[in-house]
Amino acid sequence: MGNRGVEIFFLVNYYGWNILFEDEENNTLDNIFDRALHGKKIVRNQTVLNSDYIPNKLPFREKQISLIGQSLAPILKGNKCSNLILYGKTGTGKTVVARYVTEKLFERANNNDLKIRVAYSNTRMSNTGYRILLDLANAIGLNIPFTGLSIAEVLQRITNVISKNKYLVIFVLDEIDYFIKIHEDNLLYELTRSYDKFKPGSLVVVGISNDLNFKEFLNPRVLSSLSEEEIVFSPYSAEEIKSILQDRASIAFEEGTISQAAINLCSALAGSEHGDARRAVDLLRIAGEVAERENASKLEEKHIRSAVQKIERDRIYDALNSLPIQAKALLIAVTNSNPNSKTGDIYEKYQKVCIKIGLEPLTQRRVSSILSELDLLGVISASVISDGRYGRTKKITCSVSQQIIREIYSKDQVLSILY
DNA sequence: CCTCCACAGGAAGCGCAGGAGT
DNA sequence: ACTCCTGCGCTTCCTGTGGAGG
């Protein structure tokens, strides 16, 4: 307490009283604090709207829950259970159902003194074999340096801990398709077929895939052991999304502060396309923030609409700002070129940009890869086409308006000299 | 039907960073 | 101090290819 007093005293002396009490900026700050203290509150419980929130009940997923439960139940008796794959598009509840079931299982096992450990790894975040094993090691309380050991060594240590402590491990591998497409599946093979290796402990792999066709990328020997059981998550219907939103909204928002029309619009905008519940809930959360900032007493349709815009704007802004400098230069080269330019043309423009900002240009091969990455990000669209006699190339068009890119990059230290 | 363009994209390998083990 | 390990961004070298024009 004493320390804080000293800090405030220091600030006041440093900036002078006039700034604290007369400056206009400070009035706006006061307003913000006032609103936080006395303003109308719409959101009662925000955690319900967070993406990692696990509800007490998961409507429309009873079938999947019981199927997963049946597959994993033998572990409670220390028996071997089958490896699983959960399929379904984004926002169909795969992750949340997997977490829900494993959590319940964990509780039950604790009551019965079973040493169950649940490990979770998102292979998009932990995008190397090493990091996936790191996640697994953490879950079983094993300390592994984040670099320096060979994969085999890490695997060996994990195996030792599991079998020594007789751990029954459930390893959830989220977005497993992402990993398989980039890496080989050797690691998966090691993990899935190694039943004997972990004895007297055991390890079950629960794979979660957004891509229904990802099996094509799998080696047959892995396929047979990994996909012993497959569970499909179909997209939510618009009605189901509406019901989910209503459930969440009734907990998250103060009574009477959200209109039915707003919920309808939210589920229509986010849900109808692919039945993506996560997007719908995200939208509701952002809209709630927007409404509170406006000091509105009720969440209405206009808040949902500005939330949609805000999400899109933030997405582009983040994507463009977090790019490495070479990719930024390349993107500027794309905006300086005509739509449907060829890789070669873009490369020439890119070299010019590099000279202007004093950057060593990369090779065309590398630039080609970066163009593909930018395409994946949705910043540009690049499609491979063949122009017969005139060769085979990518046709590249910028997906973000030149104005937005200018707006963002004119504030960049290095790139601002271009504008 | 064949040729040949202008690349795509795979494979290998390099140098560096960051760390472990001895 | 030294060796060994992996990941990362990159280069070099390479083979593959759809289809317009001859």
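Quick note on labels: first sequence line is chain A, next is B, and so on, each numbered from 1. Values in this document were obtained by computation on a predicted structure and should not be read as measured data.
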Assign a letter to each nucleotide of nucleotides 7-14 of chain B from its 5' end: B, base within under 4.0 Å of a protein heavy atom; S, sugar-phosphate only; -, no contact.
BSBB----
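Taking S322(A) as the reference, nothing meets the side-chain contact (heavy atoms from CB on, under 4.5 Å) condition, with sequence neighbours excluded. With sequence neighbours left out, T47(A) forms a side chain to side chain donor-acceptor pair (under 3.5 Å) with N45(A). The side chain to side chain donor-acceptor pair (under 3.5 Å) test applied to K352(A) returns no partner, not counting sequence neighbours. Taking D345(A) as the reference, nothing meets the side chain to side chain donor-acceptor pair (under 3.5 Å) condition, with sequence neighbours excluded.
Under the 3.5 Å distance criterion, with hydrogens and angles disregarded, no donor-acceptor pair is assigned to the side chains of N50(A) and Q46(A).
Residues of residues 326-335 of chain A that place a heavy atom closer than 4.0 Å to DNA chain B do not occur.
Regarding R366(A), its CZ atom lies at a distance of 8 Å from the P atom of dT11(C), rounded to whole Å. Note: CD1 (I385(A)) to P (dG18(C)) measures 13 Å, nearest angstrom. Following rounding to the nearest Å, L133(A) (CG) and dA20(B) (P) show an atom-to-atom distance of 17 Å. Here the C1' atom of nucleotide dC5(C) and the CG atom of L134(A) are 14 Å apart, to the nearest Å. Between R131(A) atom CZ and dT6(C) atom C1' there is a gap of 11 Å when expressed in whole angstrom units.
Applying the ring-ring contact (aromatic ring centres under 6.0 Å, His included) rule to pairs touching residues 338-372 of chain A yields Y347(A)-Y350(A), sequence neighbours excluded. The list of salt bridge (charged side-chain N to carboxylate O under 4.0 Å, His left out) pairs with a residue in residues 396-414 of chain A, not counting sequence neighbours, reads K328(A)-D412(A).
The side chain of R157(A) sits closest to dA20(B) out of dA20(B), dA20(C), dC10(C). With dG22(C), dT12(C), dA20(B) as the candidates, the nucleotide lying closest to the side chain of T363(A) is dT12(C).
Here R389(A) does not reach the OP1 or OP2 of dG19(C): none of its side-chain N or O atoms lies under 4.0 Å away.
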Which pairs would a plain distance check flag for residues 96-108 of chain A, meaning a side-chain donor or acceptor within less than 3.5 Å of a matching protein atom at least two apart in sequence or in another chain?
from	atom 1	to	atom 2	distance (Å)
Y100(A)	OH	N56(A)	O	3.3
T102(A)	OG1	A98(A)	O	2.7
T102(A)	OG1	R99(A)	O	3.1

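A salt bridge between K342(A) and D387(A) is absent, with no side-chain N of the basic residue lying under 4.0 Å from a carboxylate O of the acidic one.
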